[in-house]
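Note that the structure is a prediction, hence the values are computed from the model and not measured.
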Amino acid sequence: MIGLSCHSRNYGPGTPDEIFSFIKRLGYEYIDVDSVGTIRQGDVIENPKKQAQLVQELTAKYDLKLAEYFLGTVAVDGISVNNSQPDTVLRGKMLDNFARICAYAQMAGFRSIMGSAGALHKEVGYERSFDNAANTLRQMVAIAAEHSISFHVEPSRASLLNVPSQAMLMAQTVEGLKYTLDFLHFQVNGYDQKETMELLNYTGHMHARQAAVGWPKCPFEHGEIDFDAIIKRLRGLRWQGIIAMEFWNGPEEEAAGMNPVEQTLLMRYHLKGLIKKYEC
């Protein structure tokens with residue numbers, strides 16, 4: 001089964017009720033919930049049970065299924081702490097907060113949580129940053145498993161894993177780690193899609209939007225990502241996951257007059273056709 005979801009951040013600010021309501025009206029079955037503007041990370045850390053109850057009420061009210069909690073970097077006292085942070089005490093505090101977030105996700109009914117892949121800390125270099133991230137991610141995988149939640153990270157162009165081979169190495173280093181894979185992050189820098197597709201073996205969740213070399217979040221009709229090949233490979237792998245439509249306007253997209261609703265519905269329509277095309 002390949003399900004289709006909508007990212008709650010796609011269409012601008014609003015109350016959680018307004019956001020869930022709009023995504024339901026667009027005809028989605030699943031929702032990916034953002035931790036910045038929808039169900040905020042700080043509120044979750046402060047009271048996991050209360051926020052889980054809120055999400056349960058919203059999914060029941062609007063008949064939506066929860067896919068992934070889009071977390072990113074975990075904060076300590078309101079300050080983001082990267083997984084590759086050299087300070088082990090600070091990383092320990094971050095892991096405590098992550099456990100509270102996992103408790104929330106379990107109570108709410110999410111399938112997975114998406115965290116940060118780690119960043120380069122120049123003062124210790126790439127290799128040490130990679131090792132720090134691997135050690136932290138190994139612990140996060142274990143904490144999530146204790147709460148019956150899958151833990152994914154996104155190998156983004158701004159992370160340690162901004163090259164397909166580096167992402168492959170991390171997946172092979174940290175047992176049980178899965179990716180939320182967004183081909184945009186590699187396409188925009190000109191990597192061959194065949195390289196990125198090797199990461200599908202380690203993918204638990206996906207983001208879908210179009211991109212071209214040097215042009216992130218380009219209009220659908222100018223996109224270079226071959227989703228036909230991606231869906232065909234996923235079907236071959238008997239992949240059981242959710243693909244989330246992810247497209248919100250930044251200043252450049254806004255200035256170009258791009259419409260996030262249009263872009264996500266175009267992508268959803270395209271993917272639905274491909275999923276049907278490659279039905280087993």
Side-chain angles (χ1 to χ4, degrees), residues 4-7 9-12 32 34 36-37 68 70 72-73 80 82-84 114-122 125-126 129-130 133 152-171 179-203 205-234 243-271 273-274:
L4 298 176
S5 179
C6 186
H7 196 294
R9 189 178 173 183
N10 282 342
Y11 311 124
D32 281 32
D34 159 57
V36 176
E68 184 157 272
F70 188 103
T73 308
S80 294
N82 203 279
N83 298 337
S84 47
M114 191 204 84
S116 165
L120 172 64
H121 287 265
K122 293 182 179 179
Y126 183 86
S129 295
F130 186 97
H152 307 150
V153 300
E154 183 175 49
S156 74
R157 54 189 165 142
S159 75
L160 279 171
L161 311 182
N162 59 359
V163 174
S165 60
Q166 294 167 341
M168 180 68 73
L169 179 59
M170 184 65 82
Y179 289 133
T180 292
L181 187 60
D182 184 342
F183 278 75
L184 173 149
H185 291 287
F186 299 114
Q187 183 65 35
V188 71
N189 287 329
Y191 290 102
D192 190 319
Q193 181 171 313
K194 291 180 181 179
E195 290 185 69
T196 308
M197 285 180 66
E198 293 302 314
L199 297 175
L200 291 175
N201 292 293
Y202 300 97
T203 294
H205 192 72
M206 285 186 65
H207 291 159
R209 49 188 171 173
Q210 268 297 358
V213 175
W215 192 1
K217 289 199 287 188
C218 72
F220 180 86
E221 63 271 20
H222 293 292
E224 298 171 345
I225 299 172
D226 183 356
F227 280 97
D228 188 295
I230 292 167
I231 297 299
K232 184 178 181 180
R233 176 70 63 83
L234 290 175
I243 303 175
M245 309 305 109
E246 184 194 21
F247 194 105
W248 57 80
N249 275 5
E252 291 183 4
E253 291 78 27
E254 195 69 29
M258 296 178 69
N259 186 310
V261 175
E262 180 180 76
Q263 292 299 317
T264 57
L265 293 185
L266 276 168
M267 178 57 71
R268 186 182 70 181
Y269 183 81
H270 183 55
L271 292 179
L274 293 174

statement: All heavy atoms of Tyr126 vs all of Leu160, minimum pair found to be OH-O, 2.9 Å
field: Gap between atom CZ of Phe130 and atom CD of Gln166 - 0.5 Å precision
entry: 8.0 Å
message: Between Asn249 and Met258, is there a side-chain heavy-atom distance shorter than 4.5 Å?
response: yes
query: Is a side-chain donor or acceptor of Ser116 paired with a backbone partner of Gly118 at a separation under 3.5 angstrom?
result: yes
- prompt: Is a side-chain N or O of Asn10 found less than 3.5 angstrom from the main chain of Pro260, in a donor-acceptor match?
  reply: no
task: Enter the distance from Ile231:CD1 to Met206:CE here, rounded to the nearest 0.5 Å.
output: 6.5 Å
Val261 versus Thr264, closest heavy-atom pair with distance: O-OG1, 3.0 Å
query: Can you check whether Leu274 reaches His270 side chain to side chain, under 4.5 Å on heavy atoms?
result: yes
- request: Indicate the atoms forming the closest heavy-atom contact of Gly223 with Gln210, along with that distance.
  value: CA-OE1, 3.1 Å
task: Write down the atom of Phe220, the atom of Gln263, and the distance for their closest heavy-atom approach.
output: N-OE1, 2.9 Å
field: Asn82-His121 side chain donor-acceptor pair, cut-off 3.5 Å
entry: no
- prompt: For Asp182, which of Arg209, Lys217, Arg157 qualifies under salt bridge (Lys or Arg N to Asp or Glu O under 4.0 Å)?
  reply: Arg209
- prompt: When His207 is tested against each of Phe183, Phe70, Phe247 for ring-ring contact (aromatic ring centres under 6.0 Å, His included), which residue passes?
  reply: Phe70
field: Shortest non-hydrogen contact from Val153 toward Pro155
entry: O-CD, 3.4 Å
query: Can you find a heavy atom in the side chain of Met245 that is under 4.5 Å from one in the side chain of Leu271?
result: yes
- request: Flag yes if more than 12 heavy atoms outside Glu195 fall under 6.0 Å of its CD atom; otherwise flag no.
  value: yes
task: Would you check if Trp248 and Glu253 make a side-chain contact, meaning some heavy-atom pair closer than 4.5 Å?
output: no
message: Does any part of the side chain of Arg233, heavy atoms only, come nearer than 4.5 Å to the side chain of Glu198, both counted from C-beta?
response: yes
Parallel, tilted or perpendicular, as decided by the 30° and 60° cut-offs, for the rings of Tyr191 and Phe186: perpendicular
message: For a quick test of reading the model, state the closest non-hydrogen atom pair linking Ala208 to Ile243 and the distance between them.
response: CB-CG2, 3.6 Å
Side chain Ser84, main chain Ala119, donor-acceptor under 3.5 Å: yes
query: How far does CE of Met170 sit from CG of Leu161, to the nearest 0.5 angstrom?
result: 5.0 Å
task: Would you mind reporting whether Gln187 and Val213 have side-chain heavy atoms less than 4.5 Å apart?
output: yes
field: Within-4.5 Å side-chain heavy-atom neighbours: Glu246 and Asp32
entry: no
query: With side chains defined as the heavy atoms from C-beta onward, is the minimum distance between His205 and Met114 less than 4.5 Å?
result: no
message: I need the single residue from Leu181, Ile225, Thr196 that forms a side chain to side chain contact (heavy atoms under 4.5 Å, CB included) with Ile230. Which is it?
response: Ile225
query: Do Leu200 and Tyr179 pass the side-chain contact (heavy atoms from CB on, under 4.5 Å) test, and can you show the C-alpha distance, the side-chain angles, and the key distance before you say yes or no?
result: CA-CA 8 Å; Leu200 291 175; Tyr179 289 133; over 6 Å; no
